[in-house]
Asks: 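A single structure is presented below for examination.
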Amino acid sequence: MTEDEKRIINVESRVDNLETTFKMFIQEMRDFKTEMRQQNQMRAEEIRELRQDMKAMQVNLDAKIANLDTKIDGIGKHVQNLTVAAMVGMGATVIGVAMIAVTVVYSILTH
């Protein structure tokens, strides 16, 4: 073989090696892209699940807050009723003390 033929064979061999390496690189890039897509899909699914959980928690929290509002309104009405009862009781006590005082004064004046 001549020197030129050896060089051509050498160059062809190197080109074949480069083509093989390039094909492997392309395949690795395709695999990488596929893996990244799968990971993105998994993350998107996890985010959807988290959002659904958050919505469920928000609905639950809203229901609990509504329940607390109802209870607070009930307590307010109860306190209002107790206040009215206490005021009536204090009024009755004042009237009773006044009647006792009138009775004592009347009994002192009539004797």
Side-chain angles (χ1 to χ4, degrees):
M1 283 192 183
T2 65
E3 188 66 30
D4 289 336
E5 290 175 343
K6 288 180 183 178
R7 285 184 183 170
I8 290 173
I9 291 173
N10 187 18
V11 168
E12 287 177 351
S13 173
R14 289 177 61 195
V15 167
D16 287 341
N17 286 339
L18 286 173
E19 286 177 347
T20 303
T21 303
F22 186 71
K23 287 178 184 177
M24 289 172 44
F25 176 75
I26 293 296
Q27 186 58 45
E28 286 179 14
M29 291 307 295
R30 286 182 182 144
D31 294 344
F32 178 75
K33 283 172 53 177
T34 303
E35 183 180 342
M36 293 307 293
R37 284 187 185 122
Q38 290 173 347
Q39 288 179 0
N40 285 341
Q41 290 173 351
M42 288 179 0
R43 268 191 234 102
E45 183 62 31
E46 288 174 0
I47 289 170
R48 272 192 289 279
E49 289 174 5
L50 288 173
R51 285 182 179 164
Q52 288 175 350
D53 290 346
M54 288 173 59
K55 285 179 184 177
M57 288 171 55
Q58 185 65 40
V59 167
N60 189 15
L61 181 64
D62 289 345
K64 286 182 180 181
I65 288 174
N67 189 16
L68 284 175
D69 285 343
T70 303
K71 286 182 180 180
I72 289 172
D73 289 342
I75 289 172
K77 289 177 184 176
H78 186 66
V79 168
Q80 185 179 13
N81 291 340
L82 287 175
T83 302
V84 168
M87 292 168 78
V88 168
M90 291 172 72
T93 303
V94 168
I95 291 172
V97 170
M99 293 304 287
I100 290 172
V102 168
T103 306
V104 170
V105 170
Y106 179 73
S107 68
I108 291 175
L109 292 178
T110 58
H111 282 110

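Source: prediction; values computed, not measured. Just so you know, these numbers use all the heavy atoms, side chains as well, and skip hydrogens, waters and symmetry mates. Throughout, residue positions are numbered sequentially from 1 according to the sequence presented.
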Asks: For the CD atom on Gln80, are there more than 12 heavy atoms of other groups (residues, nucleotides or ligands in this structure) within a distance under 6.0 Å?
Replies: no

Asks: Pairing donors with acceptors under 3.5 angstrom, does anything connect the side chains of Asn17 and Arg14?
Replies: no

Asks: Enumerate the salt bridge (charged side-chain N to carboxylate O under 4.0 Å, His left out) contacts for residues 15-37, please, sequence neighbours excluded, ordered by first and then second residue.
Replies: none

Asks: Quick one: pull up OG1 in Thr70 and CD1 in Ile65 and give me the separation to the nearest 0.5 Å.
Replies: 12.0 Å

Asks: Would you compute the distance between atom CG of Leu68 and atom CG of Asp73 and round it to the nearest 0.5 angstrom?
Replies: 11.0 Å

Asks: Indicate every side-chain donor-acceptor pair of residues 44-53 with a distance under 3.5 Å to a residue at least two apart or in another chain.
Replies:
from, atom 1, to, atom 2, distance (Å)
Glu45, OE1, Arg48, NE, 3.4
Glu45, OE1, Arg48, NH2, 3.1

Asks: State the CD-CZ distance between Glu5 and Arg7, to the nearest 0.5 angstrom.
Replies: 12.5 Å

Asks: Count the heavy atoms of every other residue, nucleotide or ligand shown that sit under 6.0 Å from CE of Met36, and state whether that count exceeds 12.
Replies: yes

Asks: Roughly how far, to the nearest 0.5 Å, is CD1 of Ile26 from CE of Met24?
Replies: 12.0 Å

Asks: Side chain of Thr103, backbone of Met99: donor and acceptor closer than 3.5 Å?
Replies: yes

Asks: Which value, rounded to the nearest 0.5 Å, describes the distance between Thr34 atom OG1 and Gln38 atom CD?
Replies: 6.5 Å

Asks: Find the distance between CG (Asp69) and NZ (Lys64) and round it off to the nearest 0.5 Å.
Replies: 14.5 Å

Asks: Linking I/L/V/M/F/W/Y whenever their side-chain heavy atoms sit closer than 4.5 Å, directly or via other members, would Ile100 and Ile108 fall into one cluster?
Replies: yes

